[in-house]
Amino acid sequence: MERVGIVLLGPPGSGKGTQAKKLEKELGYKQISTGDLLREAVREGSPIGKMAEKYMKEGALVPDEVIVKLVEEALLQTQKFTLDGFPRNTNQAKMLEGLLESKGAVLQHVILLVVADDEIVKRLLARRVCPVCGRVYNLITSPPKNDTICDDCGVELVKRQDDNEVTIRNRLKVYREETAPLINYYRSKGILKEVDASRQPEAIFSDIVEIISAKK
Ligand code: AMP
C-alpha cells in the first residue's frame, strides 16, 4: 500500500488540530502534530524539549533540522497521515519533499484553512486543551458540557502557555512572514485546496472529506 499524506495549512487557531483529530478518528489518517510532539518533549524535559522551549514561549519557529527529524520518526510509524503544523516555511516544505520521496510517500492534498486575523486572536484567547487526551475546546463557541472540565476525561482543561496576547501576535507575524508563502508554493504545484474555516468544526470537516473523496 502506498504511503499517503495530507498537509493542513493555516494560521494558529484555524482549527488544524481539531480537523487532524477528526481525520484520524473517522478516516484513519494519523495526526502528526509538530506542536504536540514539541510540547511532549518539553514536558519530558528531553534535550529537544529543553532547546525548543524558548522558541515556543516567544512564538518563534524551532530550527528546521530538529523539526524534520521529529517528522521523519513519526512518518515511519504510519501509512496514512495528516501533517498538522508542518511545514511552516519553504525550507521545511523542500525538506518534506525529500523525506516523502525517501519513504515512498505522496502528498495527496494541501488543505488551507482560511480564517480572518481578528477571529484568530479571539479564538486563541478562548482556547482550552485537555491535558490528558489533547481535545481542544473553545470556551465561547464549543465549550465543554461542565464548566472547564473535559467531556471525555473529566479533568480540568488548561490554557496553552503560548495562547497569550503578546505571543499570539508574534505567532501571527511569523505565520504571515514565513508560513503564508507556502500558499503560493503549493498553489503553483496544483495541490492546494481552500476551505472556509470560520465555520463550526463539523462544516469544515465535511468540506475536507469532500476534497479527500473527490476523484481528481
Ligand atoms: P502549534 O502547536 O502548531 O501552534 O506550535 C506551537 C509552537 O511550536 C510554534 O509556535 C513553534 O514555536 C513550534 N513549532 C511547531 N511546529 C513547528 C514547525 N513545523 N517548525 C518550527 N516550529 C514549530
Side-chain angles (χ1 to χ4, degrees), residues 5-21 23-24 30-44 46-75 81-100 107 110-113 115 117 119-131 133-138 157-183 185-186 197:
I6 294 167
V7 166
L8 291 180
L9 192 62
S14 55
K16 299 186 294 296
T18 300
Q19 296 302 323
K21 283 189 177 56
L23 279 167
E24 178 164 320
K30 171 120 184 63
Q31 177 188 18
I32 301 179
S33 158
T34 44
D36 284 352
L37 292 170
L38 289 168
R39 278 183 290 278
E40 198 181 309
V42 170
R43 265 197 309 276
E44 285 170 353
S46 72
I48 287 184
K50 284 190 178 127
M51 189 277 298
E53 197 171 10
K54 62 175 189 298
Y55 294 96
M56 296 172 78
K57 268 192 183 147
E58 289 168 11
L61 294 187
V62 174
D64 296 343
E65 292 66 29
V66 174
I67 299 290
V68 170
K69 219 167 161 11
L70 284 178
V71 174
E72 181 169 19
E73 280 164 19
L75 272 182
F81 54 89
T82 302
L83 294 171
D84 156 15
F86 175 88
R88 280 286 230 277
N89 59 29
T90 313
N91 187 42
Q92 289 184 7
K94 292 196 171 136
M95 289 169 97
L96 172 62
E97 274 150 33
L99 209 59
L100 293 175
L107 213 53
V110 175
I111 301 177
L112 174 66
L113 302 181
V115 198
D117 273 12
E119 169 70 17
I120 282 166
V121 179
K122 261 194 282 175
R123 275 193 197 182
L124 292 178
L125 289 173
R127 173 160 77 179
R128 297 292 184 277
V129 188
C130 173
C133 69
R135 184 165 163 189
V136 180
Y137 295 85
N138 181 295
L157 303 177
V158 295
K159 195 170 154 81
R160 266 174 52 172
Q161 211 182 15
D162 56 354
D163 281 345
N164 64 76
E165 193 132 13
V166 174
T167 313
I168 290 171
R169 297 270 169 219
N170 199 38
R171 284 156 67 203
L172 277 174
K173 182 168 175 278
V174 169
Y175 176 77
R176 257 181 247 116
E177 290 173 0
E178 303 200 41
T179 311
L182 289 177
I183 299 172
Y185 182 84
Y186 284 122

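We count ligands from 1, going down the list as the structure has it; atoms in each ligand are counted the same way.
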Report the part of Asp36 (side chain from C-beta onward, or backbone N, CA, C, O) that has a heavy atom under 4.0 Å from ligand 1; answer both or neither where that applies.
neither

May I ask you to decide whether Lys173 forms a salt bridge with Glu177, counting only side-chain N to carboxylate O separations under 4.0 Å?
yes

Ranking Arg88, Glu58, Arg160, Gln161 by closest non-hydrogen atom to atom 10 (O) of ligand 1, top hit is Arg88

Give the atoms of ligand 1, by number and element, whose distance to some non-hydrogen atom of Asp162 is under 4.0 Å.
6 (C)

How about Lys159: does its NZ atom have over 12 heavy atoms from other parts shown lying under 6.0 Å from it?
yes

In terms of heavy-atom contacts, Arg123 and Val115 come closest through NH2-CG1, 4.0 Å

Which segment of Ile67 sits under 4.0 Å of ligand 1 when only heavy atoms are counted:
side chain

What is the nearest protein non-hydrogen atom to atom 22 (N) of ligand 1, stated with its residue, atom name and distance?
Val62 N, 3.0 Å

Lys/Arg-Asp/Glu bridge criterion (N-O < 4.0 Å) met for Asp117, Arg176
yes

Do Asp162 and Arg171 meet the salt-bridge criterion of a basic N to acidic O distance under 4.0 Å?
yes

Closest to atom 16 (N) of ligand 1 among protein heavy atoms sits Thr34 OG1, 2.8 Å

Minimum distance, heavy atoms only, to atom 19 (N) of ligand 1: which one of Pro87, Ser33, Gly85, Pro11 is it?
Gly85

Lys/Arg N to Asp/Glu carboxylate O, Arg127 vs Asp163, below 4.0 Å
yes

Do ligand 1 and Gln92 have nitrogen or oxygen atoms that lie under 3.5 Å from each other?
yes

Kindly confirm or rule out an N or O of Gly59 lying under 3.5 angstrom from an N or O of ligand 1.
no

Of Gly35, Pro63, Ala60, the residue with the heavy atom nearest atom 11 (C) of ligand 1 is Ala60

Per-atom filter on ligand 1: closer than 4.0 angstrom to a heavy atom of Arg39 are 2 (O), 6 (C)

Count the heavy atoms of every other residue, nucleotide or ligand shown that sit under 6.0 Å from CD of Gln161, and state whether that count exceeds 12.
no

For atom 14 (N) of ligand 1, find the nearest protein heavy atom and state the residue, atom name and distance (0.1 Å precision).
Leu38 CD1, 3.5 Å

Using a 4.5 Å cut-off on heavy atoms from C-beta on, say whether the side chain of Asn164 contacts that of Ile168.
no

